[in-house]
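One structure is given here, and the rest of the page talks about it.
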2 protein chains.
Amino acid sequence: MQDLKLSKRDEWEAMGFDLNNCPVRSVLDHVGAKWTVLILFELQNGAQRFNALGRALPDISKRMLTQTLRDLERDGMVKRQVFDTKPPSVAYSLTDMGQSLMTPLLGLVGWAEAQMPAVQTARKAYDEQAARL
Amino acid sequence: MQDLKLSKRDEWEAMGFDLNNCPVRSVLDHVGAKWTVLILFELQNGAQRFNALGRALPDISKRMLTQTLRDLERDGMVKRQVFDTKPPSVAYSLTDMGQSLMTPLLGLVGWAEAQMPAVQTARKAYDEQAARL
DNA sequence: GGTATAGGTCTCATATAGAGACCGAATTTG
DNA sequence: CAAATTCGGTCTCTATATGAGACCTATACC
(Lines give C-alpha, C1' and ligand atoms only; values in the text may rest on other atoms or scores of the structure.)
Protein backbone atom coordinates (compact mmCIF):
# COMPACT_ATOMS: atom_id res chain seq x y z
CA MET A 1 0.00 0.00 0.00
CA GLN A 2 2.64 2.47 -0.98
CA ASP A 3 1.19 3.71 -4.21
CA LEU A 4 0.10 7.14 -3.16
CA LYS A 5 1.62 10.41 -4.20
CA LEU A 6 0.78 12.71 -1.35
CA SER A 7 0.37 10.59 1.73
CA LYS A 8 0.18 10.63 5.47
CA ARG A 9 3.64 9.20 5.31
CA ASP A 10 4.87 12.45 3.77
CA GLU A 11 3.08 14.35 6.49
CA TRP A 12 4.76 12.16 9.06
CA GLU A 13 8.12 12.63 7.48
CA ALA A 14 7.59 16.36 7.34
CA MET A 15 6.92 16.19 11.08
CA GLY A 16 10.12 14.27 11.57
CA PHE A 17 8.19 11.17 12.46
CA ASP A 18 9.77 7.92 11.34
CA LEU A 19 7.85 4.70 11.76
CA ASN A 20 11.01 2.66 11.73
CA ASN A 21 12.45 4.69 14.55
CA CYS A 22 9.36 5.33 16.57
CA PRO A 23 9.77 5.57 20.34
CA VAL A 24 6.35 4.15 20.96
CA ARG A 25 6.91 1.16 18.71
CA SER A 26 10.30 0.42 20.16
CA VAL A 27 8.70 0.11 23.59
CA LEU A 28 5.64 -1.71 22.38
CA ASP A 29 7.81 -4.24 20.59
CA HIS A 30 9.22 -5.21 23.96
CA VAL A 31 5.95 -5.22 25.80
CA GLY A 32 4.42 -7.35 23.11
CA ALA A 33 7.31 -9.76 23.02
CA LYS A 34 6.18 -13.01 24.49
CA TRP A 35 8.33 -13.11 27.59
CA THR A 36 9.21 -9.53 28.47
CA VAL A 37 6.31 -8.81 30.77
CA LEU A 38 6.64 -12.10 32.59
CA ILE A 39 10.36 -11.51 33.19
CA LEU A 40 9.75 -7.97 34.35
CA PHE A 41 7.14 -9.13 36.83
CA GLU A 42 9.44 -11.86 38.07
CA LEU A 43 12.26 -9.38 38.58
CA GLN A 44 10.00 -7.18 40.67
CA ASN A 45 10.54 -9.71 43.44
CA GLY A 46 14.19 -8.73 43.46
CA ALA A 47 17.34 -9.68 41.59
CA GLN A 48 17.37 -13.17 40.12
CA ARG A 49 19.98 -15.34 38.54
CA PHE A 50 19.78 -16.70 35.04
CA ASN A 51 18.77 -20.24 35.83
CA ALA A 52 16.49 -19.11 38.62
CA LEU A 53 14.55 -17.07 36.08
CA GLY A 54 14.44 -20.07 33.82
CA ARG A 55 12.96 -22.12 36.62
CA ALA A 56 10.41 -19.44 37.46
CA LEU A 57 9.24 -19.30 33.85
CA PRO A 58 9.08 -22.98 33.01
CA ASP A 59 8.05 -22.72 29.39
CA ILE A 60 10.76 -20.36 28.30
CA SER A 61 13.72 -21.69 26.34
CA LYS A 62 17.22 -20.63 27.28
CA ARG A 63 17.59 -19.02 23.91
CA MET A 64 14.59 -16.75 24.42
CA LEU A 65 15.52 -16.04 28.02
CA THR A 66 18.96 -14.89 26.94
CA GLN A 67 17.63 -12.86 24.08
CA THR A 68 14.87 -11.15 26.02
CA LEU A 69 17.22 -10.30 28.86
CA ARG A 70 19.78 -8.90 26.42
CA ASP A 71 17.16 -6.72 24.79
CA LEU A 72 16.00 -5.42 28.13
CA GLU A 73 19.57 -4.82 29.22
CA ARG A 74 20.38 -2.93 26.05
CA ASP A 75 17.42 -0.64 26.60
CA GLY A 76 18.42 0.00 30.18
CA MET A 77 15.47 -1.76 31.80
CA VAL A 78 17.51 -4.52 33.39
CA LYS A 79 20.97 -4.60 34.94
CA ARG A 80 23.25 -7.60 34.48
CA GLN A 81 25.93 -8.29 37.09
CA VAL A 82 28.52 -11.02 36.84
CA PHE A 83 30.05 -12.39 40.03
CA ASP A 84 33.39 -14.10 39.87
CA THR A 85 32.40 -17.22 41.76
CA LYS A 86 33.07 -20.75 40.61
CA PRO A 87 31.12 -21.39 38.53
CA PRO A 88 30.47 -17.73 37.75
CA SER A 89 27.02 -16.46 38.58
CA VAL A 90 25.03 -13.74 36.89
CA ALA A 91 22.30 -11.68 38.52
CA TYR A 92 19.63 -9.70 36.74
CA SER A 93 17.67 -6.90 38.34
CA LEU A 94 15.37 -4.05 37.38
CA THR A 95 16.89 -0.63 36.90
CA ASP A 96 14.99 2.48 37.98
CA MET A 97 13.75 2.85 34.45
CA GLY A 98 12.62 -0.76 34.41
CA GLN A 99 10.81 -0.15 37.69
CA SER A 100 9.10 2.92 36.30
CA LEU A 101 7.74 0.90 33.40
CA MET A 102 5.81 -1.27 35.81
CA THR A 103 3.30 1.50 36.55
CA PRO A 104 1.84 1.91 33.06
CA LEU A 105 2.23 -1.82 32.56
CA LEU A 106 0.12 -2.57 35.59
CA GLY A 107 -2.53 -0.26 34.17
CA LEU A 108 -2.66 -2.33 31.03
CA VAL A 109 -2.61 -5.64 32.88
CA GLY A 110 -5.42 -4.42 35.13
CA TRP A 111 -7.48 -3.48 32.12
CA ALA A 112 -6.81 -6.86 30.53
CA GLU A 113 -7.95 -8.76 33.59
CA ALA A 114 -11.08 -6.63 33.95
CA GLN A 115 -12.07 -6.94 30.28
CA MET A 116 -11.27 -10.58 29.83
CA PRO A 117 -14.82 -11.86 30.30
CA ALA A 118 -16.10 -9.40 27.71
CA VAL A 119 -13.36 -10.42 25.30
CA GLN A 120 -14.20 -14.10 25.74
CA THR A 121 -17.84 -13.37 25.02
CA ALA A 122 -16.98 -11.34 21.93
CA ARG A 123 -14.73 -14.09 20.61
CA LYS A 124 -17.31 -16.76 21.11
CA ALA A 125 -19.97 -14.71 19.34
CA TYR A 126 -17.60 -13.96 16.46
CA ASP A 127 -16.54 -17.58 16.03
CA GLU A 128 -20.09 -18.88 16.12
CA GLN A 129 -21.11 -16.33 13.54
CA ALA A 130 -18.21 -17.37 11.34
CA ALA A 131 -19.07 -21.06 11.73
CA ARG A 132 -22.58 -20.46 10.38
CA LEU A 133 -21.28 -19.44 6.93
CA MET B 1 13.59 -25.53 30.20
CA GLN B 2 10.95 -27.97 31.32
CA ASP B 3 13.08 -30.40 33.22
CA LEU B 4 12.01 -29.59 36.73
CA LYS B 5 9.99 -31.74 39.05
CA LEU B 6 8.31 -29.27 41.32
CA SER B 7 8.04 -26.05 39.40
CA LYS B 8 6.38 -22.70 39.33
CA ARG B 9 4.42 -24.14 36.48
CA ASP B 10 2.82 -26.58 38.90
CA GLU B 11 2.13 -23.72 41.26
CA TRP B 12 0.53 -21.83 38.41
CA GLU B 13 -1.54 -24.78 37.38
CA ALA B 14 -2.63 -25.32 40.94
CA MET B 15 -3.81 -21.71 40.94
CA GLY B 16 -5.74 -22.34 37.75
CA PHE B 17 -3.35 -20.17 35.80
CA ASP B 18 -2.69 -21.26 32.26
CA LEU B 19 -0.01 -19.49 30.28
CA ASN B 20 -1.57 -20.52 27.00
CA ASN B 21 -4.88 -19.02 27.98
CA CYS B 22 -3.72 -16.01 29.91
CA PRO B 23 -5.93 -12.92 29.75
CA VAL B 24 -2.96 -10.64 30.05
CA ARG B 25 -1.06 -12.31 27.24
CA SER B 26 -4.04 -12.35 24.95
CA VAL B 27 -4.31 -8.59 25.30
CA LEU B 28 -0.59 -7.98 25.17
CA ASP B 29 -0.32 -10.00 22.00
CA HIS B 30 -2.59 -7.48 20.33
CA VAL B 31 -0.95 -4.44 21.79
CA GLY B 32 2.43 -5.71 20.72
CA ALA B 33 1.30 -6.56 17.21
CA LYS B 34 2.94 -4.17 14.86
CA TRP B 35 -0.13 -2.34 13.59
CA THR B 36 -2.76 -2.64 16.31
CA VAL B 37 -1.91 0.48 18.22
CA LEU B 38 -1.56 2.58 15.09
CA ILE B 39 -4.96 1.43 13.84
CA LEU B 40 -6.58 2.05 17.21
CA PHE B 41 -5.19 5.58 17.33
CA GLU B 42 -6.34 6.23 13.79
CA LEU B 43 -9.84 5.02 14.64
CA GLN B 44 -10.01 7.42 17.55
CA ASN B 45 -10.59 10.13 14.96
CA GLY B 46 -13.85 8.42 14.11
CA ALA B 47 -15.02 5.60 11.85
CA GLN B 48 -12.82 4.95 8.83
CA ARG B 49 -13.19 2.88 5.73
CA PHE B 50 -10.84 0.11 4.77
CA ASN B 51 -8.89 1.90 2.09
CA ALA B 52 -8.89 5.14 4.05
CA LEU B 53 -7.11 3.30 6.86
CA GLY B 54 -4.68 1.92 4.30
CA ARG B 55 -3.93 5.42 3.15
CA ALA B 56 -3.51 6.72 6.67
CA LEU B 57 -1.01 3.95 7.48
CA PRO B 58 1.07 3.97 4.32
CA ASP B 59 3.43 1.17 5.20
CA ILE B 60 0.82 -1.41 6.05
CA SER B 61 0.02 -4.11 3.51
CA LYS B 62 -3.59 -4.95 2.76
CA ARG B 63 -3.05 -8.38 4.12
CA MET B 64 -1.92 -7.11 7.52
CA LEU B 65 -4.62 -4.45 7.61
CA THR B 66 -7.28 -7.08 7.01
CA GLN B 67 -5.79 -9.44 9.53
CA THR B 68 -5.29 -6.88 12.28
CA LEU B 69 -8.81 -5.51 11.84
CA ARG B 70 -10.26 -9.02 11.97
CA ASP B 71 -8.42 -9.78 15.18
CA LEU B 72 -9.65 -6.56 16.75
CA GLU B 73 -13.16 -7.23 15.57
CA ARG B 74 -13.13 -10.73 16.96
CA ASP B 75 -12.11 -9.44 20.36
CA GLY B 76 -14.82 -6.80 20.32
CA MET B 77 -12.51 -3.79 20.10
CA VAL B 78 -13.62 -2.72 16.65
CA LYS B 79 -16.98 -2.76 14.89
CA ARG B 80 -17.24 -3.57 11.19
CA GLN B 81 -20.21 -2.25 9.23
CA VAL B 82 -20.89 -3.06 5.60
CA PHE B 83 -22.95 -0.59 3.56
CA ASP B 84 -24.69 -1.83 0.47
CA THR B 85 -23.45 0.88 -1.87
CA LYS B 86 -21.83 0.30 -5.27
CA PRO B 87 -19.11 -0.57 -4.83
CA PRO B 88 -19.89 -1.73 -1.29
CA SER B 89 -18.18 0.19 1.47
CA VAL B 90 -17.04 -1.01 4.87
CA ALA B 91 -16.59 1.20 7.89
CA TYR B 92 -14.54 0.34 10.96
CA SER B 93 -14.99 2.08 14.28
CA LEU B 94 -14.01 1.63 17.92
CA THR B 95 -16.45 -0.09 20.24
CA ASP B 96 -16.83 1.09 23.82
CA MET B 97 -14.40 -1.60 24.88
CA GLY B 98 -11.94 -0.47 22.24
CA GLN B 99 -12.31 3.09 23.50
CA SER B 100 -11.69 1.99 27.05
CA LEU B 101 -8.43 0.38 26.03
CA MET B 102 -7.11 3.75 24.94
CA THR B 103 -6.72 4.94 28.52
CA PRO B 104 -4.13 2.39 29.70
CA LEU B 105 -2.60 2.48 26.25
CA LEU B 106 -2.06 6.21 26.44
CA GLY B 107 -0.34 5.65 29.78
CA LEU B 108 2.11 3.32 28.13
CA VAL B 109 2.62 5.55 25.12
CA GLY B 110 3.23 8.53 27.38
CA TRP B 111 5.83 6.59 29.32
CA ALA B 112 7.50 5.52 26.07
CA GLU B 113 7.76 9.07 24.81
CA ALA B 114 9.08 10.33 28.11
CA GLN B 115 11.70 7.59 28.46
CA MET B 116 12.83 7.52 24.87
CA PRO B 117 15.90 9.73 25.35
CA ALA B 118 17.08 7.54 28.21
CA VAL B 119 16.52 4.42 26.13
CA GLN B 120 18.51 5.88 23.24
CA THR B 121 21.36 6.67 25.59
CA ALA B 122 21.30 3.21 27.10
CA ARG B 123 21.33 1.57 23.68
CA LYS B 124 24.23 3.64 22.49
CA ALA B 125 26.27 2.82 25.59
CA TYR B 126 25.46 -0.87 25.26
CA ASP B 127 26.38 -1.03 21.57
CA GLU B 128 29.64 0.81 22.08
CA GLN B 129 30.54 -1.52 24.90
CA ALA B 130 29.79 -4.53 22.71
CA ALA B 131 31.85 -3.11 19.85
CA ARG B 132 34.94 -2.90 22.04
CA LEU B 133 35.10 -6.66 22.44
C1' DG C 1 35.34 -41.49 36.31
C1' DG C 2 30.46 -40.09 36.17
C1' DT C 3 27.20 -36.45 37.39
C1' DA C 4 25.60 -31.93 38.39
C1' DT C 5 25.67 -26.85 38.18
C1' DA C 6 26.81 -22.44 36.31
C1' DG C 7 25.45 -19.40 31.93
C1' DG C 8 25.11 -19.47 27.98
C1' DT C 9 25.65 -20.62 22.14
C1' DC C 10 24.32 -23.23 17.90
C1' DT C 11 21.45 -25.55 14.62
C1' DC C 12 17.40 -26.61 12.68
C1' DA C 13 12.27 -26.64 12.20
C1' DT C 14 8.20 -24.03 12.20
C1' DA C 15 5.29 -19.92 12.67
C1' DT C 16 4.48 -15.28 11.53
C1' DA C 17 4.95 -10.97 8.71
C1' DG C 18 5.20 -8.69 4.57
C1' DA C 19 5.22 -7.62 -0.67
C1' DG C 20 2.60 -7.62 -4.33
C1' DA C 21 -0.39 -9.96 -8.00
C1' DC C 22 -5.09 -10.78 -8.64
C1' DC C 23 -10.40 -10.58 -8.32
C1' DG C 24 -15.36 -9.00 -9.85
C1' DA C 25 -18.53 -5.43 -10.20
C1' DA C 26 -19.28 -0.62 -11.12
C1' DT C 27 -18.09 4.03 -12.19
C1' DT C 28 -15.18 7.56 -14.37
C1' DT C 29 -12.12 9.17 -18.10
C1' DG C 30 -10.49 9.70 -22.80
C1' DC D 1 -16.66 2.18 -26.71
C1' DA D 2 -12.49 0.84 -24.40
C1' DA D 3 -9.21 1.71 -20.65
C1' DA D 4 -8.31 2.98 -15.97
C1' DT D 5 -9.72 3.40 -11.28
C1' DT D 6 -12.26 2.35 -6.94
C1' DC D 7 -14.33 -0.58 -3.63
C1' DG D 8 -12.67 -4.40 -0.09
C1' DG D 9 -10.57 -7.81 0.08
C1' DT D 10 -7.90 -12.96 -1.03
C1' DC D 11 -3.85 -15.70 -2.53
C1' DT D 12 0.87 -17.02 -3.12
C1' DC D 13 5.51 -16.62 -2.22
C1' DT D 14 9.40 -15.18 0.32
C1' DA D 15 11.86 -13.15 4.42
C1' DT D 16 12.19 -12.89 9.25
C1' DA D 17 11.26 -14.17 13.98
C1' DT D 18 10.43 -17.68 17.34
C1' DG D 19 11.09 -21.89 19.69
C1' DA D 20 12.93 -26.72 21.02
C1' DG D 21 16.65 -28.80 22.34
C1' DA D 22 21.62 -30.51 21.68
C1' DC D 23 25.97 -28.92 22.91
C1' DC D 24 29.94 -26.37 25.41
C1' DT D 25 33.64 -25.11 29.10
C1' DA D 26 34.85 -25.08 33.70
C1' DT D 27 34.49 -26.50 38.51
C1' DA D 28 32.89 -29.31 42.37
C1' DC D 29 30.96 -33.43 44.46
C1' DC D 30 30.67 -38.49 45.18
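Chain letters run A, B, ... following the sequence lines, proteins first and then strands; every chain starts at 1.
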Charged N to carboxylate O below 4.0 Å: is that the case for D127(B) and R74(A)? yes

Closer than 4.0 Å, any side-chain N/O of [X] to the OP1 or OP2 of [N]?
| X | N | result |
| --- | --- | --- |
| R49(A) | dG7(C) | yes |
| K62(A) | dC23(D) | no |
| W35(B) | dG18(C) | yes |
| K86(A) | dA6(C) | no |

Can you give me the closest heavy-atom contact between L43(A) and Y92(A), atom names plus distance?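 Looks like CD2-O, 3.4 Å.
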
For V31(A) and V37(A), the nearest pair of non-hydrogen atoms, with its separation, is O-CG2, 3.5 Å

Nearest whole angstrom, please: distance from the [atom2] of [N] to the [atom1] of [X].
| X | N | atom1 | atom2 | answer |
| --- | --- | --- | --- | --- |
| M64(B) | dA17(D) | CE | C1' | 13 Å |
| I60(B) | dA17(C) | CD1 | C1' | 11 Å |
| D84(A) | dA6(C) | CG | P | 17 Å |
| D71(B) | dT16(C) | CG | P | 11 Å |
| N51(B) | dT5(D) | CG | P | 15 Å |
| K34(A) | dA17(C) | NZ | P | 12 Å |
| F50(A) | dT5(C) | CZ | C1' | 13 Å |
| R55(A) | dG7(C) | CZ | C1' | 12 Å |

First encountered from the 5' end of DNA chain C, between R63(B) and T66(A):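 Checking each residue's closest nucleotide, the 5'-ward one belongs to T66(A).
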
Which is true for F83(B) with a 4.0 Å heavy-atom rule: it touches a base, it touches only sugar-phosphate, or it touches nothing? nothing

By nearest atom, which of the nucleotides dG8(D), dG7(C), dA20(D) is closest to the V90(B) side chain? dG8(D)

Do W111(A) and T103(B) have a side chain donor and acceptor closer than 3.5 Å?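 Absent: no donor and acceptor within the cut-off.
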
Do we see a donor-acceptor contact under 3.5 Å between the side chains of H30(A) and D75(A)? yes

